[in-house]
Amino acid sequence: ISFYRDDFGKKGLHHQVKPSQIPFDVEGRHIVVVDDVLFTGRTVRAAMNELFDYGRPAKIELAVLVDRGGRELPIAAQYCGASLSVPDGQILVLERDDAQRFNLKLSDTRRERKPATP
């Protein structure tokens, strides 16, 4: 979805960006978009824009692990694991530890990591 982001001009192309491949026909299908952290809604909007390049789904739903609020677009998840308040200036990151377990961590602009408190 990187090419569909509205901040592409500011951030540029990251080296890990690869073209999308959807291995099925989206026309008329029920699609569930899954994201780890829902914040502004811009990533979800970019994903939906890309989906429509592949066809016209009958329905698109959103499932997220965490909704941190702070929406800039009218986008809401139909399925949500948790809602958390995240202080301004910090981001919520889903990471895998050395034991291969997933953890949510808060990260500030200096990239210091500390556990999130749900």
Side-chain angles (χ1 to χ4, degrees):
I1 62 168
S2 295
F3 297 111
Y4 292 83
R5 292 190 56 97
D6 58 5
D7 60 357
F8 180 78
K10 292 180 193 172
K11 292 186 176 185
L13 186 61
H14 298 285
H15 68 279
Q16 69 269 26
V17 172
K18 298 176 183 156
S20 297
Q21 295 180 355
I22 299 179
F24 57 88
D25 185 13
V26 302
E27 190 70 32
R29 302 287 292 269
H30 176 184
I31 307 289
V32 179
V33 174
V34 179
D35 201 359
D36 55 353
V37 178
L38 176 58
F39 182 31
T40 63
R42 294 180 181 280
T43 300
V44 175
R45 183 212 41 90
M48 291 190 313
N49 284 356
E50 184 158 3
L51 278 170
F52 280 103
D53 278 355
Y54 285 85
R56 188 176 188 276
K59 182 178 188 178
I60 299 174
E61 292 184 303
L62 176 61
V64 297
L65 180 60
V66 177
D67 182 345
R68 64 162 284 172
R71 217 73 74 243
E72 295 173 1
L73 299 172
I75 291 177
Q78 286 72 37
Y79 311 99
C80 179
S83 294
L84 300 176
S85 292
V86 177
D88 289 340
Q90 293 193 317
I91 59 172
L92 192 59
V93 180
L94 179 64
E95 295 183 330
R96 190 178 294 195
D97 65 17
D98 294 336
Q100 300 302 306
R101 293 178 301 224
F102 286 104
N103 297 295
L104 289 169
K105 299 196 181 222
L106 287 176
S107 175
D108 63 17
T109 56
R110 294 169 289 165
R111 296 289 185 213
E112 294 176 27
R113 306 268 186 216
K114 57 185 176 181
T117 53

TODO: Applying side-chain contact (heavy atoms from CB on, under 4.5 Å), run through F52 and I60 and close with a yes or a no.
DONE: CA-CA 10 Å; F52 280 103; I60 299 174; 3.9 Å; yes

Task: Candidate pair V64 and V66, rule side-chain contact (heavy atoms from CB on, under 4.5 Å), full reasoning - done: CA-CA 5 Å; V64 297; V66 177; over 6 Å; no

Task: Steps toward side-chain contact (heavy atoms from CB on, under 4.5 Å) verdict (R29, F24) - done: CA-CA 10 Å; R29 302 287 292 269; F24 57 88; 3.9 Å; yes

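Inter-residue side-chain proximity for T40 and L73 is flagged as unmet; no heavy-atom pair is nearer than 4.5 Å. Contact annotation: the side chain of L65 never approaches that of V37 to less than 4.5 Å [non-hydrogen atoms, C-beta and beyond]. You'll find the side chain of R45 reaches within 4.5 Å of the side chain of I75, heavy atoms only. Taking 4.5 Å as the limit, some side-chain heavy atom of V34 sits within range of a side-chain heavy atom of V32.
Sparse packing is recorded around CD of Q21, with 12 or fewer heavy atoms of other residues, nucleotides or ligands lying under 6.0 Å away.
Within the model, atoms CZ of R96 and CZ of R101 stand 12.0 Å from one another, a figure rounded to the nearest 0.5 Å. In this structure, CG in D108 is found 9.0 Å from CD1 in I91, a value given to the nearest 0.5 Å. Atom CG of residue L104 and atom CG of residue L94 lie 5.5 Å apart, to the nearest 0.5 angstrom. Distance check, rounded to the nearest 0.5 Å: CZ of R68 to CG of L106 gives 8.0 Å. From L62, atom CG reaches atom CD1 of I31 across 13.0 Å, with rounding to the nearest 0.5 Å. If you take CG on D36 and CZ on F102, they are separated by 9.5 Å, rounding to the nearest 0.5 Å.
D35 contributes no side-chain N or O that, together with a main-chain N or O of L38, makes up a donor-acceptor pair within less than 3.5 Å.
The side chain to side chain contact (heavy atoms under 4.5 Å, CB included) test with S107 singles out one residue from V93, L92, V86, and that residue is V93.
Linking ILVMFWY side-chain heavy atoms closer than 4.5 Å, directly or via other members, places V33 and Y79 in two distinct hydrophobic clusters. Grouping the Ile, Leu, Val, Met, Phe, Trp and Tyr side chains by contacts below 4.5 angstrom, directly or via other members, places F39 apart from M48.
For E61 and K59, the salt-bridge test passes: some basic side-chain N is under 4.0 Å from an acidic carboxylate O.
Nearest heavy-atom pair, G28 versus A58, reported as atom, atom and distance to 0.1 Å: O-CB, 3.3 Å. Shown here for Y54 and I22, the closest heavy-atom pair between the two residues is CD1-CD1, 3.6 Å.
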